[in-house]
Amino acid sequence: MTDWRDHVEPLGPSVIGIKKHGHMVTDAALVGTDLKTVLSGDERAPEQLVNAASLPGAVGRVWAMADHHFGYGLPIGGVLATDHDAGELGGAVSPGAVGFDINCGVRMLAFDMDADDLPDPAKFARRLGGRVPSGTSGRGGVDLTSRDLMHVLEEGASAAADLGLGAVDDVLLLESRGRLDAELEGVSQRALERGATSLGTLGSGNHFAELQAVEHVVDAETAEAWGLYEGQLVAMIHSGSRGLGHQVCTDHVRHLERQFTSEDGGWRHETYDWWIPDRQLAAAPRHSPEAEAYLGAMGAAANYAFANRAVLSQRLITALEVHTRSSVEWSTVYDVAHNIAKDEEHVIDGKRCTCSVHRKGATRAFPGSHDGLCPEHKATGQPVLVPGDMGTGSWLMAGPKTAMNAAFGSSCHGAGRRLSRAAARKQVDVPALMERLTAAGVHLKHGTERGLAEEAPEAYKPVDDVVDATEEAGLARRVAKLVPRVVVKG
DNA sequence: ATGTCC
């Protein structure tokens, strides 16, 4: 294999390019604080970018955001755009380049209340943990009739509200209005079964529900436009499509992977004239039956995730109302999908192009000038929700005010892992971590000790550095730093 | 990420 290091070029502040070479059909780019950090990181991630840039129809650059790390096929933090008009049937659509947790994402709520006025936060952590079920079991979810599940899969966030289960004040304040086009043919019986009982559950790993305080506002004008102020109580809910989305990805990845056989150090498709370097990037042309089936099922799973975050929001709001023994004034700041593929129009080398933009652990960060944004975001750019780790906090960012950024309007989605889960388990002293969090005023309700060790702050890159690099690269700008007060994790 | 192996 050609060494990508021989093809590295600086592209600007905090952006490094990998020039097209070998099987690549387009260039790649990585966002990072400095070249040394990128070059000394896990070399498997740049190799995966090179592989993705070899997929049929790949256009622009294949990007790795500042929080990227090695993943299945494409790095987490990867952005891949493919041309709808490439070849006979269009460019590649790859389930592995979206990821297993379809429409994993973040909902942010704002409360008309100061964070310091939350009574007995330790007790609230236990209370919230009781109402927001977490862990891998999926227990504690809403039991949906088959008819109601279909409604959720077709309509997304608004369906949760229709069923009286989900908090939605205005669907315009959700990315894609909380709904993608869905076709249920590609959703297997097993996927439906897994979805029937897990709506309203958090999951495990880096998923969480948090009450946070707005610690520091960087962009006062934008914060004000979104109704946010220092000291305010806000919430972030980070969850996805649970077992249903995982099953949809598994089904379609397996189906597509079986269509490729080993050839010349890569994989050849049985009918389409395609060669790909990594079977995990198994893909089908945008206008093929396989891609249409996947995208329809992906849309259904995405809708399940939008609805899930709406139900979790309602459960959190109810917990807060029970806790404070009063009604609570709240509003939605935004809801982002950070594992998704979407049809979007972009200008590439001066030419308009309809493409499939795969964002895997990358947040859309559209400019205020984009047609798809609601009036509240026209002057500011799209809100970009960047959950960090449980000790350091999270960031609220904004897309550019006017022009689409170079990464197909994308930004980072979190802090990004620094240690593997195994390394974190080995290194982290859980009792000491608990003491540290308590001393920092973070009230935690967690599941397993193992999960906690894997999610310790030291297992993640410093989110402030990731956000700085993202801003330097011109992808999004900082609006406010948020610090955790109450954390529920699987 | 994931009823952490159909």
Side-chain angles (χ1 to χ4, degrees), chain A residues 45 48 65 67-78 94-107 133-144 149 187-209 237-255 257-258 280 294 297-298 301-302 304-306 308-309 312 336-341 358-363 387 389-390 413-417 419-425 446-455 459-460 488-490:
Chain A
Q48 289 187 319
M65 300 289 101
D67 55 331
H68 74 267
H69 55 97
F70 176 71
Y72 188 89
L74 186 72
I76 317 292
S94 170
V98 169
F100 280 83
D101 191 1
I102 293 167
N103 190 4
C104 182
V106 188
R107 170 85 79 103
S134 60
T136 51
S137 76
R139 278 197 296 263
V142 179
D143 269 322
L144 290 172
L149 177 59
V187 182
S188 66
Q189 197 55 41
R190 186 182 289 182
L192 294 175
E193 282 164 13
R194 293 179 74 172
T197 54
S198 51
L199 197 73
T201 63
L202 204 51
S204 65
N206 66 355
H207 290 166
F208 64 74
I237 289 163
H238 180 199
S239 185
S241 49
R242 310 292 286 106
L244 183 144
H246 189 274
Q247 192 64 49
V248 165
C249 181
T250 301
D251 292 341
H252 288 265
V253 159
R254 275 198 197 142
H255 180 63
E257 285 184 354
R258 287 194 189 114
Q280 292 184 357
Y294 166 68
M298 183 208 74
Y304 189 87
F306 280 131
N308 191 31
R309 291 194 288 276
L312 288 164
V336 298
H338 58 219
N339 278 12
I340 203 77
H358 303 67
R359 294 192 183 85
K360 180 186 188 178
T363 309
D389 66 73
M390 65 179 104
H413 87 308
R417 292 201 76 84
L419 299 178
S420 70
R421 293 190 176 275
R425 286 199 297 275
H446 69 286
T448 62
E449 288 221 341
R450 172 191 165 135
L452 190 56
E454 291 175 359
E455 293 300 317
Y460 285 89
V488 174
K489 285 193 78 79

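Here is the naming used below: chain letters follow the sequence lines, and residue numbers restart at 1 for every chain.
Among the heavy atoms of the strands, none lies under 4.0 Å from A:G240. Contacts of A:R421 with the nucleic acid, taken as non-hydrogen atoms under 4.0 Å apart, involve only primed sugar atoms and P, OP1 or OP2. Nucleic acid contact for A:R242: sugar-phosphate only, since backbone atoms but no base atoms lie under 4.0 Å from a heavy atom of the residue.
Spacing between atom CZ of A:R139 and atom P of B:dT2 amounts to 15 Å, rounded to whole angstrom units. A straight line from CZ of A:R258 to P of B:dC6 spans 13 Å, rounded to a whole angstrom. Between A:F100 atom CZ and B:dC5 atom C1' the separation is 13 Å, expressed in whole Å. Summarising the geometry, the separation between CD on A:Q189 and P on B:dC6 is reported as 18 Å, rounded to the nearest angstrom. Going from atom NE2 of A:H207 over to atom P of B:dT2 covers 5 Å, rounded to whole Å. The NE2-P distance, from A:H246 to B:dC5, rounds to 9 Å in whole Å. Distance A:D101 CG to B:dT4 P: 15 Å, rounded to the nearest Å. If you take CG of A:N103 and P of B:dT2, they are 13 Å apart, rounded to a whole angstrom.
Residues that satisfy the side-chain hydrogen bond (donor to acceptor under 3.5 Å, both in side chains) test with A:S134, not counting sequence neighbours, are absent from this structure. Considering only residues two or more places apart in sequence or on other chains, A:A341 meets the side chain to side chain contact (heavy atoms under 4.5 Å, CB included) condition with A:V98, A:L295, A:M298, A:H358.
Taking for each of A:G203 and A:R254 the nucleotide of DNA chain B with the nearest heavy atom, the 5'-most of the two is the partner of A:G203.
Only one option out of A:L244, A:N103, A:V248 pairs with A:Y304 in a side-chain contact (heavy atoms from CB on, under 4.5 Å); it is A:L244.
At a cut-off of 3.5 angstrom, the base of B:dT4 holds at least one donor-acceptor pair with the side chain of A:T136.
A centroid separation of less than 6.0 Å is found between the aromatic rings of A:H338 and A:H238.
Contact check, A:T250 against B:dT2: no side-chain N or O comes under 4.0 Å of OP1 or OP2.
Panel note: side chain A:H68, backbone A:M65; a donor-acceptor pair is recorded below 3.5 Å.
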